[in-house]
Amino acid sequence: MKKIYKYVFIGLFLGYSTGCDQNFDELNTNKVDATAIDPAFILNNAVLNSGYPGGALVYDMGIVQQIISPNSGVLTGANFNQDNRNSTGSLWGSYYGGVIKNTRDVMFRIKDNPSRNNLMQMARIVQARAFMMLVDTYGYIPYFQGGGGFSDQIFFPVYDAPEVVYADIIKELEEASVALSASGRIEAADVLYFGDISKWKKLGYSLLLRAGMRMSEVNPGTAQQVVSKAFQGGVILTNADNAVVLQDANYTNGIGNTLNSTEASNYYMTEPFVNFLKNSNDPRLSSIAVRYVGARSGPEQQPAVASTAPALQIGMPMGNDDAGAVQAAIDAGLASFYEFSQIDRLRVGSRFAPTFWVTASQTLLLLAEARQRGWITSGSAAEYFEAGVRAHMNQMASFSPASAIAPADIDTYISANPLVVNTALEQINSQYWVSSVMNGPEAWANFRRSGFPNLAPNPFEGREVLFINRLTYPNSEISVNSENVQAAIAAMGPDNLETKIWWAK
């Protein structure tokens, strides 16, 4: 009897064991969580990380005298023309970690999948734009090996010379723009253009135009060739084709976040920027600016005392710390420096304000300059200039209905401010300065290239440089990748704010 029980037990055990083994794979397969991700969503992550970090307020927008803070501490930067490596590395960290890592990943995943050709070209364009911003900001950068820690296990990338970087960026943009195919797979998950290949092509060629114009002073022959190719390829000429990331509660505007949180009462529009708009009766002033009349503190900056009337706007003079700003307010007859005009945090400076990468206005103004230089032969410089100014004025409605400009006001401004041959380059690039408000890196890059607008140096006493030419490498990169950083510095020049970028005027 005991033997019978024993055999029955062994049989049941073997049956149970076999049953478990047969269902093992099924029982251990996760049927709920995703086990793979469409590379299109990885590219979307790169796109959403391609905005402008808070460091653009500390440096880029202050260097070109659009927005400034009299505060020191964590906000020390363009306001005093001083180095602040807590902020100089903000673009470096956000773009290498949030953009290029993802574009490299996309390209690695689909490199052997020709059905995703369009996604590959889109990733190349997004990556080229990111690298252009990095090389324009820092000079020598890790390019060919940059961002390869995840995909290629390269943890200590070497640095490449900016002229070499630019040559490859131009190649990437040209090849990617040509290779995009309307007959290929449409990447409908794309958050930038929703898979519209014609718009992606225009973005690629518009960035190519931008890259070509960067070389206008250092290599005009090559610049003309690149500009001509971009123009022939087809660039962004209408606001409907603007490269813009639409922000929402899940993906907010980085600059808007800063302006609407701890630094709400610390940043002010500058006197040069306000006066440039005010003196020409530019209707964009009322679209961009707000002044809290009578405010004596940050908490008193309330809607009840807010005014967008152009006549009431007063910009903060350059060159002030907190004490200087107090005196400047007294000199202007204001209750306090909290009364100076600000970027309107409910419109242009909102958390939900769209983030513009490349716009019709910027592209048309570059074409105006290219035509003025004789690099393209279609149209006239005056026509491109007028179209560029109109495009930006119409673009203002994208920030808020309250920022929309009436067509009659646009016509009046255009009629009163035509392009004049003798001052054409100054006019074109000064308008580019206005057109690039809230896009600090681009406004700063074009200012260094063109020398316009004609801004007076920041008069703050004890400043290190007249104008900041580049930003310094972040301390984290210096400590981790020291050997390659030092090699770059030896080739480039001192790692300071004064060393010029390769293409700078």
Side-chain angles (χ1 to χ4, degrees), residues 47-71 73-100 129-139 141 210 243-245 247 251-264 266-270 273 288 318 342-345 348-359 362 399 432-449 455 458 467-474 497 501:
V47 169
L48 294 170
N49 286 325
S50 295
Y52 311 115
L57 278 168
V58 177
Y59 278 102
D60 310 47
M61 299 170 79
I63 296 168
V64 297
Q65 300 182 13
Q66 293 174 333
I67 303 175
I68 204 74
S69 173
N71 293 170
V74 296
L75 301 188
T76 295
N79 53 350
F80 308 131
N81 276 7
Q82 291 179 359
D83 195 3
N84 177 1
R85 290 178 192 252
N86 291 324
S87 292
T88 58
S90 63
L91 186 73
W92 186 284
S94 61
Y95 269 48
Y96 274 114
V99 182
I100 293 166
R129 172 185 173 269
F131 272 126
M132 192 187 304
M133 290 176 63
L134 285 164
V135 72
D136 290 350
T137 300
Y138 299 99
I141 60 167
R210 184 178 284 183
V244 54
V245 177
Q247 316 287 176
Y251 301 100
T252 52
N253 184 299
I255 297 295
N257 275 341
T258 301
L259 292 177
N260 283 277
S261 56
T262 56
E263 310 306 334
N266 290 331
Y267 280 103
Y268 295 86
M269 293 180 67
T270 70
F273 191 48
I288 297 170
M318 294 294 298
Q342 294 181 294
I343 290 287
D344 194 335
R345 303 192 294 268
V348 175
S350 165
R351 287 190 175 96
F352 312 118
T355 299
F356 289 94
W357 289 8
V358 183
T359 67
Q362 292 169 327
F399 290 103
Y432 199 94
W433 175 56
V434 179
S435 178
S436 299
V437 66
M438 305 308 289
N439 183 344
E442 184 57 23
W444 180 34
N446 197 67
F447 168 67
R448 286 174 289 163
R449 175 191 73 86
L455 301 173
N458 183 345
F467 281 107
I468 294 172
N469 294 311
R470 64 176 287 276
L471 299 190
T472 53
Y473 297 125
L497 305 177
I501 299 296

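Small disclaimer: the values here were computed from a predicted structure and weren't measured.
- Counting all heavy atoms, side chain and backbone alike, V437 lies closest to I288 at CG1-CD1, 4.3 Å.
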Worksheet item: What do the steps show when you test N439 against Q362 for side-chain contact (heavy atoms from CB on, under 4.5 Å), and what is the final call?
Response: CA-CA 11 Å; N439 183 344; Q362 292 169 327; 3.8 Å; yes

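- Donor-acceptor pairing under 3.5 Å is recorded for the side chains of Q247 and T355.
- Checked against side-chain hydrogen bond (donor to acceptor under 3.5 Å, both in side chains), T88 has the following partners two or more places apart in sequence or in another chain: T472.
- With hydrogens and angles ignored, the 3.5 Å screen pairs no side-chain donor or acceptor of R345 with any backbone N or O of G256.
- Residues D344 and Q342 fail the side-chain proximity criterion, which asks for heavy atoms closer than 4.5 Å.
- Of all heavy-atom pairs spanning I141 and Y96, the tightest one is CB-OH, 3.6 Å.
- The shortest heavy-atom contact between T270 and I67 is CG2-N, 3.9 Å.
- The closest side-chain heavy-atom distance from V74 to N86 is not below 4.5 Å.
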Discussion item. Using side-chain contact (heavy atoms from CB on, under 4.5 Å), reason through D83 and L471 one step at a time and then give a plain yes or no.
Written reply: CA-CA 8 Å; D83 195 3; L471 299 190; over 6 Å; no

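- When only modelled atom types and interatomic distance are considered, T76 and N84 share no side-chain donor-acceptor pair under 3.5 Å.
- For the pair N469 and R448, the tightest heavy-atom approach, listed with the atom from each and the gap, is O-NH1, 2.8 Å.
- Considering only heavy atoms from C-beta on, L497 stays 4.5 Å or farther from R470 through its side chain.
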Item to complete: Please report the C-alpha distance between Q65 and F467 in whole Å, then the side-chain angles of each, then the deciding distance to 0.1 Å, and finally whether the side-chain contact (heavy atoms from CB on, under 4.5 Å) criterion is met.
Response: CA-CA 11 Å; Q65 300 182 13; F467 281 107; 3.9 Å; yes

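- When every heavy atom of I255 is checked against every heavy atom of A56, the shortest pair comes out as CD1-CB, 4.1 Å.
- Rounding to the nearest 0.5 Å gives a distance of 10.5 Å between OG of S436 and CE of M61.
- Although no hydrogens or angles enter the test, the distance criterion places no donor-acceptor pair under 3.5 Å between the side chain of N253 and the main chain of R351.
- At least one donor-acceptor pair under 3.5 Å links the side chain of N458 to the backbone N or O of N79.
- Residue-environment remark: CZ (F352) exceeds the threshold of 12 foreign heavy atoms within 6.0 Å.
- Using a 4.5 Å heavy-atom threshold, the side chains of T359 and V244 count as separate.
- Y138 places a side-chain N or O within 3.5 Å of a backbone atom of W92 that can act as its donor or acceptor partner.
- No donor-acceptor pair closer than 3.5 Å links the side chain of N49 to the backbone N or O of V47.
- For the pair W357/E442, no side-chain contact is recorded, criterion being any heavy-atom separation below 4.5 Å from C-beta on.
- Aromatic pair F399/F356: centroids less than 6.0 angstrom apart.
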Discussion item. Quick one, L57 with Y52, criterion side-chain contact (heavy atoms from CB on, under 4.5 Å). Give me CA distance, side-chain angles, the key distance, then yes/no.
Written reply: CA-CA 9 Å; L57 278 168; Y52 311 115; over 6 Å; no

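- Residues forming a side-chain hydrogen bond (donor to acceptor under 3.5 Å, both in side chains) with S50 (at least two apart in sequence, or on another chain): none.
- Here S87 contributes atom OG and L75 contributes atom CG; the two are 7.5 Å apart, rounded to the nearest 0.5 Å.
- Closest approach of Q82 and Y59 over heavy atoms only: O-OH, 2.6 Å.
- For the 3.5 Å distance criterion, the side chains of N266 and E263 qualify, holding a donor opposite an acceptor.
- To the nearest 0.5 angstrom, S350 atom OG is 9.5 Å from N257 atom CG.
- Between W433 and Q66, the closest side-chain pair of non-hydrogen atoms falls below 4.5 Å.
- Between atom CZ of residue R449 and atom CH2 of residue W444 there is a gap of 15.5 Å, rounded to the nearest 0.5 Å.
- Between F80 and N71, the closest side-chain pair of non-hydrogen atoms is not below 4.5 Å.
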